[in-house]
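Working notes, structure below.
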2 protein chains.
Amino acid sequence: MEADTSRIEEYLESIYKLQQEQHPVSTSRLAEHLKLSPPSVSEMIKKLVHKGLVNQIEKGVCLTEEGNKMAKKVIRRHRLSERLLTDILGFKWDEVHDEACRLEHAISTEMEDRIAASLGNPRTCPHGHPIPDKDGVFIKEIVKPLSELKAMDKGIIVSVFEEDPKMLQYLASLGLIPDVCVKVEEVAPFGGPLIVCVSGSRYALGREVASKIKVK
Amino acid sequence: MEADTSRIEEYLESIYKLQQEQHPVSTSRLAEHLKLSPPSVSEMIKKLVHKGLVNQIEKGVCLTEEGNKMAKKVIRRHRLSERLLTDILGFKWDEVHDEACRLEHAISTEMEDRIAASLGNPRTCPHGHPIPDKDGVFIKEIVKPLSELKAMDKGIIVSVFEEDPKMLQYLASLGLIPDVCVKVEEVAPFGGPLIVCVSGSRYALGREVASKIKVK
DNA sequence: CCTTTTACTTAGGTATACCTAACTATCTGG
DNA sequence: CCAGATAGTTAGGTATACCTAAGTAAAAGG
Ligand SMILES: [Mn+2]
Ligand SMILES: [Mn+2]
Ligand SMILES: [Mn+2]
Ligand SMILES: [Mn+2]
């Protein structure tokens, strides 16, 4: 036995993430996110249903209790890996996603515990996303996208919903990282950019970009 | 592309290790070491030959230049992983083999470099085996098994050729770890045990066990 | 020298996870 | 209300890496 579960883990991880945006998750969204063909995903979904990890409701799938538990475990490992990579090995936050996406499947429960302990049980990944504890519990902060703030509103960056290295580099270069305070100086009309003030500097941010930044 | 090379890596790693004992490596020895059936190994060998990673000579295979290079890269990653696990994450030396055996395939060149740098470019794994540098070069110490020492001979433990957790725990409990000085007090005749002195204590060691401990 | 054991390969089959092409159902706009 | 677009599945096929059973070749022993 001891089957290789890395593909299943990858599917559950994707479903979990996509569920946060829209519920349930359609075959095509999942296929796009995993960069696979819809038939491949369709087929795998059948296996996941069979294993009791997802339920097929109306126009898509959603995680079962067990699927959710497994997804959270993968996400815990992913985020702990990211922290290991940044905090201990000195990676930058734009370099860790792909690496962690492989590591998460190669890490044992033992190692997961050791990483957490060595890092002092961090609550978030370098991008500000919560790390579930061993029971899948985590603090869900009430956040809103920076793009929804009005002129003169202030917020503290909680997380950055982005994985693209180029984008993350760009954001870091502006100092737009978790725990930093941002003030919106101006909101251009007709979906135009936001003028934001971060640690003394002023920048123009596109709406698209601003929507990825979650503040509280 | 970006094919998954983990199975190939695992084969090359095994061939490399077995080559150190006997050259060339037979199908059956490889099958036994990898815990696979001989036909599976036979088949994979064909693929490795085709890829130019091994050569089939007389009664077995041996690594080509390229196969050797790839094997050393895997071994570097394995041993660096072990060091990460012991030195940074606090694992004991008997807990790291299997973990490292999975990690070695999930680690990028980037991460390999970062681990090495973070640990100050360690020369050996926790079991005393040399870590090849980026070009595959490492210091090969001239060692002999502890079992070959005569009464009153002294030696410093360089490495322990063993992976079994139980055995490693036992050896650690006696203080038989790299860099420790051992003195052979007595060698029982007819393949009997050795009486050794380690940091003030005296122990009887079977020949089989003693042969796994390499000293200089 | 021939028989038995051992070592290795061939043949045929399984499971997993992907693909493209083709079909079907469902939604949408005119 | 129906034509076309969109979404999903079925059908059929590939690659990889494993297996057992059967066959063959080489080594060893009497
Ligand atoms: Mn992943
Ligand atoms: Mn993250
Ligand atoms: Mn290995
Ligand atoms: Mn080792």
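In what follows, chains are A, B, ... by sequence order, proteins preceding strands, each numbered from 1. Predicted, not measured: the structure shown is a model, and the values here were computed from it.
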For B:S28 and C:dT6, is the shortest distance between a side-chain N/O and OP1 or OP2 below 4.0 Å?
no
OP1 or OP2 of C:dT10 less than 4.0 angstrom from a side-chain nitrogen or oxygen of B:K46, does that happen here?
yes
Using a 4.0 Å heavy-atom cut-off across all strands, classify A:Q56 as base, sugar-phosphate, or nothing.
sugar-phosphate
Of the candidate nucleotides D:dA21, D:dT9, C:dC8, which contains the atom at the shortest distance from the side chain of A:P38?
D:dT9
What is the bend of the helix from C:dC1-D:dG30 to C:dG30-D:dC1 when you compare the axis at one end with the axis at the other, using five pairs each and rounding to 10°?
10°
For A:Q19 and A:V61, the nearest pair of non-hydrogen atoms, with its separation, is NE2-O, 4.4 Å
Starting at CD1 of B:I45 and ending at P of C:dT10, how long is that distance when rounded to a whole Å?
12 Å
CD of A:E58 to OG of A:S26: how many Å apart, nearest 0.5 Å?
12.0 Å
Measure from NE2 on A:H50 to P on C:dA15 and round the result to the nearest Å.
12 Å
Heavy-atom neighbours of B:I57 CD1 exceed 12 at 6.0 Å
yes
Measure the shortest side-chain to side-chain distance between A:I139 and A:P130 over non-hydrogen atoms and say whether it is less than 4.5 angstrom.
no
Can you tell me if CD on B:E65 sees more than 12 non-hydrogen neighbours from other groups inside 6.0 Å?
no
CD/B:E110: more than 12 non-hydrogen atoms of other groups inside 6.0 Å
yes
Tell me whether the count of non-hydrogen atoms from other residues, nucleotides or ligands lying under 6.0 Å of CD in A:E208 goes above 12.
no
Short heteroatom pairs, N/O only, protein and nucleotides 16-18 of chain C, under 3.5 Å:
from	atom 1	to	atom 2	distance (Å)
C:dC18	OP1	A:R7	NE	2.5
C:dC18	OP1	A:R7	NH2	3.0
C:dC18	OP2	A:Y11	OH	3.1
C:dC18	N4	A:E43	OE1	3.1
C:dC18	N4	A:E43	OE2	3.3

From CA spacing to verdict: side chain to side chain contact (heavy atoms under 4.5 Å, CB included), A:Q169, A:K92
CA-CA 9 Å; A:Q169 273 167 42; A:K92 296 203 227 74; over 6 Å; no
Between atom NZ in B:K59 and atom C1' in D:dA28, what is the gap in whole Å?
14 Å
Single hit among B:H127, B:E163, B:K212 for side-chain contact (heavy atoms from CB on, under 4.5 Å) with B:L168:
B:H127
Does A:S26 have a side-chain nitrogen or oxygen under 4.0 Å from the phosphate oxygens OP1 or OP2 of D:dA7?
no
